[in-house]
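For reference, positions follow the sequence shown, starting with 1.
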Amino acid sequence: MSDLYAIMVISGEDEKLYMAYITAIGYASSGNKVYMFFTMDGLRGVTKEIEKIQLPNVKPLSYYYENLIELGGDDIELTACEFGMKVKNVDHERLLDKVRVSGVSEFALKSSEAKATLIF
């Protein structure tokens with residue numbers, strides 16, 4: 001049986017977005033389920049803007065997004081916070097394909113069921 005790990009992404013800083021995805025890939029590669037909840041500035045990590053985000057000496061953030069989706073399949077959930085989307089004026093058309101919209105109550109439920117919750 002695989003464990004569930006919940007990750008809340010609040011920061012839109014490039015380094016923290018990278019670490020959130022790399023950490024999720026680490027859990028997924030170990031056969032675990034991953035629930036990622038992106039809110040406020042962290043919503044940058046689930047918009048088409050990730051194609052432009054790139055730290056020095058590594059691949060663009062979109063590569064890590066695609067790697068996570070391919071590696072984890074149905075065991076990966078990427079969620080955009082509905083409230084955060086309103087605050088930051090992010091519309092549905094800007095979201096990546098595999099991202100769905102939900103509220104913080106879902107994060108509360110998922111994180112209560114998770115083996116660990118991480119916040120970036």
Next item on the list: State plainly whether one hydrophobic cluster holds both Leu4 and Met8, where clusters connect Ile, Leu, Val, Met, Phe, Trp and Tyr through side-chain heavy atoms under 4.5 angstrom apart.
Entry: yes
Measuring only between side-chain heavy atoms, which start at C-beta, is Met40 closer than 4.5 Å to Phe83? yes
In sequence, state the C-alpha distance, the side-chain angles, and the governing distance for Glu51 and Leu61, and then conclude on side-chain contact (heavy atoms from CB on, under 4.5 Å). CA-CA 7 Å; Glu51 295 171 5; Leu61 187 59; over 6 Å; no
Tell me if the CG atom of Asp91 is crowded by more than 12 foreign heavy atoms within 6.0 Å. yes
If you define the side chain from C-beta out and look only at heavy atoms, does anything of Leu96 sit under 4.5 Å from Ile50? yes
Between the CZ atom in Phe37 and the OG atom in Ser102, the distance rounded to the nearest 0.5 Å is 6.5 Å
query = Between Asp75 and Val34, is any pair of side-chain heavy atoms under 4.5 Å apart?
reply = no
Shortest non-hydrogen pair, Leu17 vs Ser11, comes out as CD2-O, 3.6 Å
Distance col, row Asn67:CG vs Ile25:CD1, nearest 0.5 angstrom, shows 4.5 Å
Heavy atoms of Gly31 and Ser2 approach each other most closely as O-CB, 2.8 Å
Same cluster (ILVMFWY, side-chain, under 4.5 Å), Val87 and Ile119
no
Salt-bridge contact Asp74-Lys33 (side-chain N to carboxylate O under 4.0 Å): no
Asn57 vs Leu55 side-chain heavy atoms within contact, under 4.5 Å:
no
Output for pair (Ser105 OG, Glu82 CD), nearest 0.5 Å, gives 9.5 Å
Scanning both residues in full, the closest heavy-atom pair of Thr23 with Met19 reads OG1-O, 2.7 Å
Minimal heavy-atom distance between Tyr5 and Lys115, with the atoms involved, is OH-CD, 3.2 Å
Between the CD atom in Glu113 and the OH atom in Tyr35, the distance rounded to the nearest 0.5 Å is 10.5 Å
Find out whether Asp14 and Arg44 are in side-chain contact, i.e. whether some heavy atom of one side chain is under 4.5 Å from a heavy atom of the other. yes
Here the pair of heavy atoms bringing Ala80 nearest to Leu95 is CB-CD2, 4.0 Å
| query | Does any non-hydrogen side-chain atom of Lys48 lie less than 4.5 Å from one of Arg94? | reply | no
Salt-bridge present (Arg100, Glu106; N to O < 4.0 Å): yes
Do Val104 and Ile7 belong to the same hydrophobic cluster, where Ile, Leu, Val, Met, Phe, Trp and Tyr are linked whenever their side-chain heavy atoms lie under 4.5 Å apart, directly or via other members? no
With heavy-atom distances below 4.5 Å as the criterion, would you say the side chains of Asp97 and Ile69 are in contact? no
So CZ of Phe120 and CZ of Phe38: to nearest 0.5 Å the spacing works out to 10.0 Å
Group every Ile, Leu, Val, Met, Phe, Trp and Tyr by side-chain heavy-atom contacts under 4.5 Å, then state whether Leu109 and Val101 land in the same group.
no
task: Apply side-chain contact (heavy atoms from CB on, under 4.5 Å) to Thr47 and Val90, showing your working.
output: CA-CA 9 Å; Thr47 66; Val90 175; 4.1 Å; yes
Between Tyr21 and Tyr65, what is the ring plane arrangement, given parallel below 30°, perpendicular above 60°, and tilted in between? perpendicular
d(Leu71 CG, Ser30 OG) to nearest 0.5 Å is 9.0 Å
If you define the side chain from C-beta out and look only at heavy atoms, does anything of Val9 sit under 4.5 Å from Lys16?
no
- Message: Does Glu77 form a side-chain contact (heavy atoms from CB on, under 4.5 Å) with Lys110? I'd like the steps, not just the answer.
- Response: CA-CA 11 Å; Glu77 291 184 72; Lys110 294 283 189 174; 2.8 Å; yes
From the list Thr39, Thr79, Thr117, side-chain contact (heavy atoms from CB on, under 4.5 Å) with Phe107 holds only for Thr117
Exercise. Would you say Val99 and Tyr18 are hydrophobically clustered, going by side-chain heavy atoms of ILVMFWY under 4.5 Å?
Worked result: yes
Residues Ala20 and Met36: closest non-hydrogen pair is O-CE, 3.8 Å
Side-chain donor/acceptor of Glu66 to backbone N/O of Glu70, under 3.5 Å: no
